[in-house]
Visitor: 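Would you mind keeping the following structure in view while I ask a few things?
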2 protein chains.
Amino acid sequence: MALRKTKATSVDIAHRAGVSQATVSRVLRGSPLVNAETRKRVLDAVQELNYKVDRRASSLRTQRAGTLALLLFEDPTEDESNINPFFLSMLGSITRACARHHHDLLVSFQQLSDDWHADYEDSMKADGLILLGYGDYVDYRPKLERLVEQGTHFVRWGAVLPDQPGVSIGCDNFAGGRLVGEHLIGLGRRSIAFLGDASSHYPEFHARYRGCELVQREAGIAEEPALQVDALSSEEEGYEAAKALLGRGVLFDAVFAASDLIAIGAIRALLEHGLRVPEDVAVVGFDDIAMSRFCNPPLTTVYQDTAHAGELLVETLLKLVNGHAAQSQMLPAKLVVRRSSGA
Amino acid sequence: MALRKTKATSVDIAHRAGVSQATVSRVLRGSPLVNAETRKRVLDAVQELNYKVDRRASSLRTQRAGTLALLLFEDPTEDESNINPFFLSMLGSITRACARHHHDLLVSFQQLSDDWHADYEDSMKADGLILLGYGDYVDYRPKLERLVEQGTHFVRWGAVLPDQPGVSIGCDNFAGGRLVGEHLIGLGRRSIAFLGDASSHYPEFHARYRGCELVQREAGIAEEPALQVDALSSEEEGYEAAKALLGRGVLFDAVFAASDLIAIGAIRALLEHGLRVPEDVAVVGFDDIAMSRFCNPPLTTVYQDTAHAGELLVETLLKLVNGHAAQSQMLPAKLVVRRSSGA
DNA sequence: CTGAAAGCGCTTACAG
DNA sequence: CTGAAAGCGCTTACAG
């Protein structure tokens, strides 16, 4: 081992301050039943020896880790470095929310196929779990059920559905879809293609689709199944989906992509095909990742307040950890208009 | 507290398997001195009770946390959600490297001004620290010195300098700068502006600058101080720096931006000013963030292998934690040519 | 190969 | 207001 002065313990502090170790602990825990002067002596010693309480020991004793775990999972096919920027931004906000609530954050990337249910909480490293990631909900759901069964404390980010196991926080995807539909219809577009899996396997995408669909129906536009092409959230899949759409020979004057990454890939395919965006085809995405401001043309999209989402996720989980009830909740969606929709 | 069956402990397992608690521990630690049949009985019990060893207790006993901490710090001015995408991609690769080495990762965002030195290791929550972030090196260096003094185990990502406190892993920024210079000169550009702080406060940017400078000098081009404008790594600062450059009235036919974010902001300013990229001005960035593929025009830049960097960071830190010597190391830079440089 | 026992560094009733 | 003591769940010399 590298040389280092061995760490001070509460016993060292007690010795130096001339009190018992128990008193040191009381001072550090902020107990009111300590004489002011005693407290000062202890605090001085803490300062001098640069003492920090050993969180493992205190956690072992109190049975509270003071730590939350974030499980970020992705489809196994995804490239290593290719994490969805949206989740990365969530990660930033969750980290900060944890700090505000004086908790540490353990981060782990997982594959949906992994046996992640409860590992962290079971080994007592974390008091609760935050689940974040895209993945097939049909595979996902039974895992959530097991988590509930085991009494694991967790919150997930994602679609907020009725009869869902556990507590979820998510964007109001349906309202977001409506916003997009209204925007596009308002701009005179009549044939809106949807790029993204619109089945119950991906309920977030599905809700976005339905929201937009409803607006079209209200406007008297008949549903056209050929205008929907499956895609998961990546530039590549967006590109391929747009190609496939083009190959079908159906006419369309707008594309609603289920995510910004899909939209960016779709724009590339459209331009390659000699179409102009937004003149020939208006394009709208979802997420408002940083890139959507800088791509060409800048992308009209739906903004989700990640800062608020992170705070809400942490707050909600902490409620659960402390034995209180907590509700699933939806965050409002907001349309951000940029050049790609031709407004 | 929420209801949940209380967790099984090693005592429960011992009871069920009809052995002592010590034997359970031996089996779980993989000790060779356990009879095969005994081992099986224990493992079966572990399975049945879904037992997981309490890492806090084992860590308290062994004095090893099995956890690494990642301290991501930024300038306090930065917007919450606006984390440099390059660091986010490093974070992904570090997380995975930790998993491969069976360690957990504690993540924390800090401000450079915070008193982050050693908090984590001092409270025994982590065995070592990974330091990641841009910041003024002149402010940063004394903190590194304190870390070394305290015997804290850490590795940082950043400039690899002689006489530097501690161990650093970084990209060969000087070679990267050379690559950019050679590319641009080879394309016939003669006046290369540099956007980025080129002082010892930001040694990574500085090395990139000097690498490019050297190539120009070798090509017989005199240094022109008016062609350098300070900027930290953000789109906004890139935009402002390019504006400032334009305002100076010096002629230039190329821009070397110290980071992709700066380059993207610079392109926006150049286009607004009626210049064409790359026809009038070739632009090259640094980092190869995902966005650089999708911006318009796609950005020529210098790629740093983040996947490898993460692995190296974790490996090196683990060496240190285990009491072995470890070296600072530089990763090769690689030029990625796209449209913005007009090649 | 296995068990009994000490101890890692805390927190918190229990007495006083 | 303070101290002595038990105990959180492990690991690992020490005996046998």
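Just so you know, these numbers use all the heavy atoms, side chains as well, and skip hydrogens, waters and symmetry mates. Protein chains get the first letters and strands the later ones, always in sequence-line order, with residue 1 at the start of each.
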Visitor: Nearest nucleotide by nearest heavy atom, which residue falls closer to the 5' end of DNA chain C, P32(B) or L60(B)?
Guide: P32(B)
Visitor: Passes side-chain contact (heavy atoms from CB on, under 4.5 Å), W157(A) versus L72(A)? Steps please.
Guide: CA-CA 10 Å; W157(A) 172 261; L72(A) 238 166; over 6 Å; no
Visitor: For a quick test of reading the model, state the closest non-hydrogen atom pair linking T95(B) to S108(A) and the distance between them.
Guide: CG2-CA, 3.9 Å
Visitor: Write down the partner of dA4(D) under the Watson-Crick or G-U wobble criteria, each distance required to be under 3.5 Å.
Guide: none
Visitor: Please measure how far the P atom in dC14(C) lies from the corresponding atom in dC10(C), and state the result in whole Å.
Guide: 24 Å
Visitor: In whole angstrom, what separates L28(B)'s CG from dC10(D)'s P?
Guide: 8 Å
Visitor: Check whether any side-chain nitrogen or oxygen of T38(A) sits under 4.0 Å from OP1 or OP2 of dT2(D), and answer yes or no.
Guide: yes
Visitor: Separation of L33(A) atom CG from dA13(C) atom P, in whole Å?
Guide: 11 Å
Visitor: Mind checking if V11(B) touches a base, just sugar-phosphate, or nothing, with heavy atoms under 4.0 Å?
Guide: nothing
Visitor: Over how many whole Å does the gap from Q21(A) atom CD to dG7(D) atom P extend?
Guide: 16 Å
Visitor: Rounding to an integer number of Å, can you tell me how far D54(B) CG sits from dC8(C) C1'?
Guide: 13 Å
Visitor: Classify the nucleic acid contact of R29(A) as base, sugar-phosphate or nothing, counting any heavy atom under 4.0 Å across all strands shown.
Guide: sugar-phosphate
Visitor: Could you check which nucleotide pairs with dA13(C) in any of the strands shown, counting Watson-Crick or G-U wobble with both distances under 3.5 Å?
Guide: none
Visitor: Do H15(B) and Q21(B) meet the criterion of a side-chain donor-acceptor pair at a distance under 3.5 Å?
Guide: no
Visitor: Just checking, is any N or O donor in the side chain of R41(A) or N35(A) under 3.5 Å from an acceptor N or O on the other one?
Guide: no
Visitor: From CZ of R41(B) over to C1' of dC1(C), roughly how many Å is that when rounded to an integer?
Guide: 12 Å
Visitor: Among dC8(D), dC1(D), dA4(D), which nucleotide sits nearest the side chain of R61(A)?
Guide: dC8(D)
Visitor: Under 4.0 Å: is that the gap between some side-chain N or O of S58(A) and OP1 or OP2 of dC10(C)?
Guide: no
Visitor: For the P atoms, the ones on dA13(C) and on dG9(C), what distance do you get once it is rounded to whole angstrom?
Guide: 23 Å
Visitor: Just how far, in rounded Å, is C1' of dC8(C) from CG of D12(A)?
Guide: 14 Å
Visitor: Between A307(B) and S93(B), which heavy-atom pair has the shortest distance, and what is it?
Guide: CA-CB, 3.7 Å
Visitor: Between dG3(D) atom P and N35(A) atom CG, what is the distance in whole Å?
Guide: 11 Å
Visitor: Of the nucleotides dA5(D), dT2(C), dC10(C), which has the atom closest to the V34(B) side chain?
Guide: dT2(C)
Visitor: Measure from the side chain of S20(A), starting at C-beta and using heavy atoms only, and say which of dT12(D), dT2(D), dG3(D) lies closest.
Guide: dG3(D)
Visitor: Does R56(B) get its side chain close enough to the base of dG9(C), under 3.5 Å, for a donor-acceptor pair?
Guide: no
Visitor: Does T23(A) place a side-chain N or O at less than 4.0 Å from the phosphate oxygens OP1/OP2 of dG3(D)?
Guide: yes
Visitor: Write down the distance between NZ (K125(A)) and P (dC8(D)), rounded to a whole number of angstrom.
Guide: 22 Å
Visitor: May I ask you to verify whether the side chain of R26(B) and the base of dG3(C) hold a donor-acceptor pair under 3.5 Å?
Guide: yes
Visitor: When you measure from the side-chain N and O atoms of Q63(A) to the phosphate of dG7(D), is any distance below 4.0 Å, counting only OP1 and OP2?
Guide: no
Visitor: Looking only at atom types and distance, does a side-chain atom of T67(B) sit under 3.5 Å from a main-chain N or O of A126(B), one as donor and one as acceptor?
Guide: no
Visitor: So does T62(B) get a side-chain nitrogen or oxygen closer than 4.0 Å to the phosphate oxygens (OP1/OP2) of dT11(D)?
Guide: no
